[in-house]
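These numbers were taken from a predicted model, which means no experiment stands behind them.
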Amino acid sequence: MSTLILDDVTVSRGAGPVISGVSLELHQGRITALVGPNGAGKTSLLESISGVIAASSGSITLDGDAIRPLSRVARARRGIVHIEQGRAVFPSLTVLENLRLTARTPADLDAALAHFPELQKRLGTASGLLSGGEQQMVVLARAFAAHPKFLLIDEMSLGLAPVVFMRLLPVIEQIAAGGVGVLLVEQFTNLALGVAQDALVVAGGRVGFHGSAAELLAAPELLHSAYLGGAAA
């Protein structure tokens, strides 16, 4: 099984660090909920893992190999797939054309669509004409078709009705159960912790808690303390 390890990672933007000294170990088949207040640096951390931005210091390794020097494309080829904020479909392309951007075989396409039967009847529709929920399904299906080892998901619920988001959460669980490691950034903290095995709370650019998602979910005072940066990592 693949392992993705961050060791003492710092990420800077503009005048100074937005993430300082974060260490994290991700394993295939497990969901890690990455939660924290707005502006805590969660998005920057995901971007440093996928290569959207460069980490200032620290190491990022995949199966023991240093990937920090690699480009975003090279990291994606190694199995790190990043779903950024917003539903980044290609609006002029049909659903099928969007999915074929990453699906290498018909079997890849069928496996991705198996998670989203709603898309079967929309394959010939321009993706820009879909609802927000359907577009997010396309984005998730396209990411799954790319055979990720690790899937980084940033605010999947953004702009979606809660009922749509609740429809998507079981799919994330299914994807993880199939052997994909998931790092999930989500504003709905309790829902994210409810599907995760592991949890990382980032506040003020630093880790406030790293441990069991169930433990954090069962202890609101611990979560509150971590948000304030008062809990031990």
Side-chain angles (χ1 to χ4, degrees), residues 1-2 4 26-34 42-43 45-53 60 62 67 70-91 93-120 122-123 125 127-128 130-160 164-187 191-192 195-196:
M1 299 289 281
S2 289
L4 178 64
L26 302 177
H27 299 276
Q28 286 185 287
R30 297 180 70 85
I31 300 173
T32 298
L34 174 57
K42 303 184 297 296
T43 291
L45 184 60
L46 260 61
E47 290 177 339
S48 72
I49 297 171
S50 67
V52 174
I53 59 176
I60 305 174
L62 177 62
I67 63 169
L70 300 182
S71 68
R72 180 181 185 177
V73 172
R75 297 185 203 196
R77 287 173 178 160
R78 292 288 303 271
I80 298 176
V81 177
H82 185 183
I83 298 178
E84 299 180 64
Q85 285 186 13
R87 290 169 286 282
V89 297
F90 293 92
L93 300 182
T94 66
V95 170
L96 183 58
E97 289 168 337
N98 266 274
L99 298 182
R100 281 178 173 165
L101 293 173
T102 58
R104 287 171 274 183
T105 68
D108 291 343
L109 186 62
D110 290 343
L113 287 171
H115 289 295
F116 303 105
E118 298 97 324
L119 296 179
Q120 290 281 1
R122 307 285 268 162
L123 292 177
T125 302
S127 296
L130 301 179
S131 68
E134 289 170 330
Q135 288 185 20
Q136 191 63 275
M137 291 179 191
V138 172
V139 171
L140 286 167
R142 191 176 62 200
F144 180 74
H147 293 281
K149 291 180 179 179
F150 293 95
L151 187 58
L152 316 178
I153 306 176
D154 195 358
E155 298 285 9
M156 182 174 67
S157 66
L158 196 64
L160 297 181
V164 177
F165 179 57
M166 293 297 291
R167 158 69 180 93
L168 298 178
L169 277 179
V171 176
I172 302 304
E173 293 182 283
Q174 293 165 17
I175 289 173
V180 177
V182 177
L183 183 57
L184 178 64
V185 171
E186 187 48 61
Q187 61 181 329
L191 293 178
V195 300

Inset, instruction - Verify, without hydrogens or angle tests, whether Thr32 (side chain) and Leu183 (backbone) share a donor-acceptor contact under 3.5 angstrom. - result: no

Legend entry - Side chain Arg75, main chain Ile67, donor-acceptor under 3.5 Å: yes

Legend entry - Val89 backbone acceptor or donor facing Ser127 side chain under 3.5 Å: no

Legend entry - Leu4 side chain reached by Lys149 side chain, heavy atoms, under 4.5 Å: no

Inset, instruction - Please name the residue in the list Leu140, Ile83, Val139 that meets the side-chain contact (heavy atoms from CB on, under 4.5 Å) test with Met156. - result: Leu140

Inset, instruction - Taking all non-hydrogen atoms of both residues into account, name the closest pair between Ile80 and Ser50 and its distance. - result: CG2-CA, 4.2 Å

Inset, instruction - Determine whether Glu97 and Phe90 make a side-chain contact, defined as any pair of heavy atoms from C-beta on separated by less than 4.5 Å. - result: no

Legend entry - Check ion pair Arg167-Glu134 (N to O, under 4.0 angstrom): no

Legend entry - Closest non-hydrogen atom pair, Pro148 against Ala143: CD-O, 3.4 Å

Inset, instruction - For residues Glu186 and Glu155, determine if any side-chain heavy atom of one lies less than 4.5 Å from a side-chain heavy atom of the other. - result: yes

Legend entry - Side-chain touch His147/Arg104, heavy atoms, less than 4.5 angstrom: yes

Inset, instruction - Flag the pair Leu96 / Leu109 as yes when at least one side-chain heavy-atom distance between them is below 4.5 Å, and no otherwise. - result: yes

Legend entry - Minimum heavy-atom distance between Leu46 and Leu152, given as atom pair plus value: O-CD1, 3.7 Å

Inset, instruction - Report yes or no: does Gln135 contribute a side-chain atom to a donor-acceptor pair with the main-chain N or O of Ala88 at less than 3.5 Å? - result: no

Inset, instruction - State, with a plain yes or no, whether a side-chain heavy atom of Leu62 is found less than 4.5 Å away from one of Phe150. - result: yes

Legend entry - Side chain proximity check, Thr94 to Thr125, heavy atoms < 4.5 angstrom: no

Inset, instruction - For Gln28 and Val180, indicate whether the former's side chain and the latter's backbone hold a donor-acceptor pair under 3.5 Å. - result: no

Legend entry - Minimal non-hydrogen separation, Ser48 against Ile60, with atom names: O-CD1, 3.5 Å

Inset, instruction - Evaluate the criterion side-chain contact (heavy atoms from CB on, under 4.5 Å) for residue pair Val182 and Val195; output intermediate values, then yes/no. - result: CA-CA 11 Å; Val182 177; Val195 300; over 6 Å; no

Legend entry - Pair Asp154, His82: side-chain N/O donor-acceptor within cut-off below 3.5 Å: no

Inset, instruction - Check whether any side-chain heavy atom of Leu99 lies under 4.5 Å from a side-chain heavy atom of Asp108, and answer yes or no. - result: no

Legend entry - Pair Ser157-Gln187, side-chain donor/acceptor within less than 3.5 Å: yes

Legend entry - Arg72 atom CZ: more than 12 heavy-atom contacts under 6.0 Å: yes

